[in-house]
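What follows is a short report on a single structure.
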Amino acid sequence: MADNEILNSTAVDASNEYDASEIQVLEGLEAVRKRPGMYIGSTSESGLHHLVYEIVDNAIDEALAGYCDEITVTINPGDTITVTDNGRGIPVDIQAQTGLPALEVVYTVLHAGGKFGGGGYKVSGGLHGVGASVVNALSEWLTVQVHKNGEIYEMKFSRGSVTEKMTVVGKTDRTGTTVTFKPDPEMFDVTTYNYDTIHTRMRQQAFLNAGLKISTFDRREGREAADSMYYEGGIREYVTWLNQNKTPIHAGVIYMAGQKDDASAEVALQYNDAYNEMIVSFANDVRTPEGGMHEEGFKRALTTVLNSYGRKIKMLKDDEKVSGEDCREGLTCVISVKLTEAQFEGQTKAKLGNSEIRTLVNNIVSEKLDTFLEENPQVGR
Ligand code: 1YM
């Protein structure tokens with residue numbers, strides 16, 4: 001067959017919508033396997049762990065939507081991973097556009113997460129935020145079980161392709177999603193998971209999502225471990241935990257929160273008797289080690305409020321000014337903001353660029369910290 005005939009025959013197939021979407025799916029996931037680093041950052045240990053976080057992010061989104069309060073992450077023998085949640089379960093109904101179960105679309109179409117199925121949007125999300133289909137493309141095999149409508153639905157994949165269509169495999173009286181996958185050794189330099197890395201990350205996610213219980217398990221022989229993280233107080237408890245080996249100079253953690261339009265922000269802080277400052281900031285549950293607008297808004301408000309309070313209680317003379325740095329001496333602070341269109345900037349995307357967040361955090365801290373100092377004068381002195 002001449003080249004143009006191949007092109008023509010493809011064109012004929014493409015006139016059939018189902019075939020056309022199937023070709024796009026395969027091309028999409030093939031692109032992931034060709035350049036995995038573009039989707040998960042790297043194919044080293046960090047990329048391997050990123051697979052877990054992508055699946056967990058979907059469960060956390062379900063928690064943020066208010067339908068899930070328990071997530072488990074298990075390293076199984078053979079370094080496969082199981083993630084479960086007790087949310088609504090990924091939709092299993094047939095999508096009009098594709099004629100396929102939504103579950104299949106979520107796991108086979110690049111960037112499918114959350115754009116359909118009821119106007120939801122992805123709030124949590126890793127640096128690359130690419131979702132379930134990328135994990136699927138980079139897994140030797142992957143199985144999803146959905147508990148929904150009283151039935152257990154199951155579907156299986158290998159390297160992104162469907163190996164078993166969705167079927168009902170049993171009855172259930174609960175709802176939720178369970179995903180088990182084996183990272184493809186053809187794709188990764190290492191395939192051994194580090195329990196501490198996963199445990200640490202999940203503890204951080206539990207601190208950032210108050211009231212969400214996340215449990216981690218290591219079921220590999222000789223390395224058995226189990227941990228359960230649940231923080232009613234969210235980032236307040238994060239600050240207490242960060243200060244555990246320090247000496248706080250006031251009782252209790254100061255907590256401030258607020259929201260405007262689609263964005264929300266919360267700040268927790270406590271001073272200790274050390275000299276260094278520790279500000280740990282997040283946007284959509286993603287760490288922003290280089291700070292950005294949320295940290296700028298916080299620092300500006302903290303300096304302004306402490307200076308005006310100092311003048312008010314005559315600790316400072318009218319012409320005296322305490323520098324921003326001095327205001328942050330001994331400070332331990334966690335800032336967490338959630339917004340729809342986070343702009344991560346800088347070479348390593350480690351900085352939040354949305355300027356409306358600077359205003360939001362500045363307003364919250366200006367207003368609430370001032371009120372706090374008025375009500376707790378002993379803390380200010
Ligand atoms: C262990 C991994 O993926 N949980 C999960 C995912 C979804 C839902 C619930 C869900 C979302 C929506 C409606 C909605 C997803 N659904 C989709 C899509 N856990 C895990 N739990 N009903 C259920 O967003 O409206 C993508 S992820 F797109 F199909 F809706």
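Note that ligands are numbered from 1 as they come in the structure, with each ligand's atoms numbered from 1 the same way. The residues of the chain are indexed from 1 along the displayed sequence.
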Identify which of Ile55, Ile90, Thr84, Val144 has a heavy atom lying nearest to atom 6 (C) of ligand 1. Ile90

Mark yes when over 12 heavy atoms from residues, nucleotides or ligands other than Glu341 sit less than 6.0 Å from its CD; otherwise mark no. no

Per-atom contacts, ligand 1 versus Asn58 - under 4.0 Å to a heavy atom: 3 (O), 20 (C)

Quick one: salt bridge (charged side-chain N to carboxylate O under 4.0 Å, His left out) partners of Glu70, sequence neighbours excluded? Lys213

Compare Val179, Val106, Thr178 and give the one whose heavy atom is closest to atom 26 (C) of ligand 1. Val106

Output the list of atoms in ligand 1 that are nearer than 4.0 Å to some heavy atom of Gly89, sorted by atom number. 9 (C), 22 (N), 23 (C)

Does any pair with a residue in residues 182-201 pass ring pair (Phe, Tyr, Trp, His ring centres under 6.0 Å), and if so which ones, sequence neighbours excluded? His49-Tyr193, Tyr195-His199

Looking only at heavy atoms, what is the nearest atom pair of Gln270 and Ala251, with distance? NE2-C, 4.3 Å

Show your reasoning for whether side-chain hydrogen bond (donor to acceptor under 3.5 Å, both in side chains) applies to Thr180 and Thr143. CA-CA 5 Å; Thr180 301; Thr143 302; over 6 Å; no

Hey, looking at atom 20 (C) of ligand 1, which of Thr72, Asp85, Leu103 has the closest heavy atom? Asp85

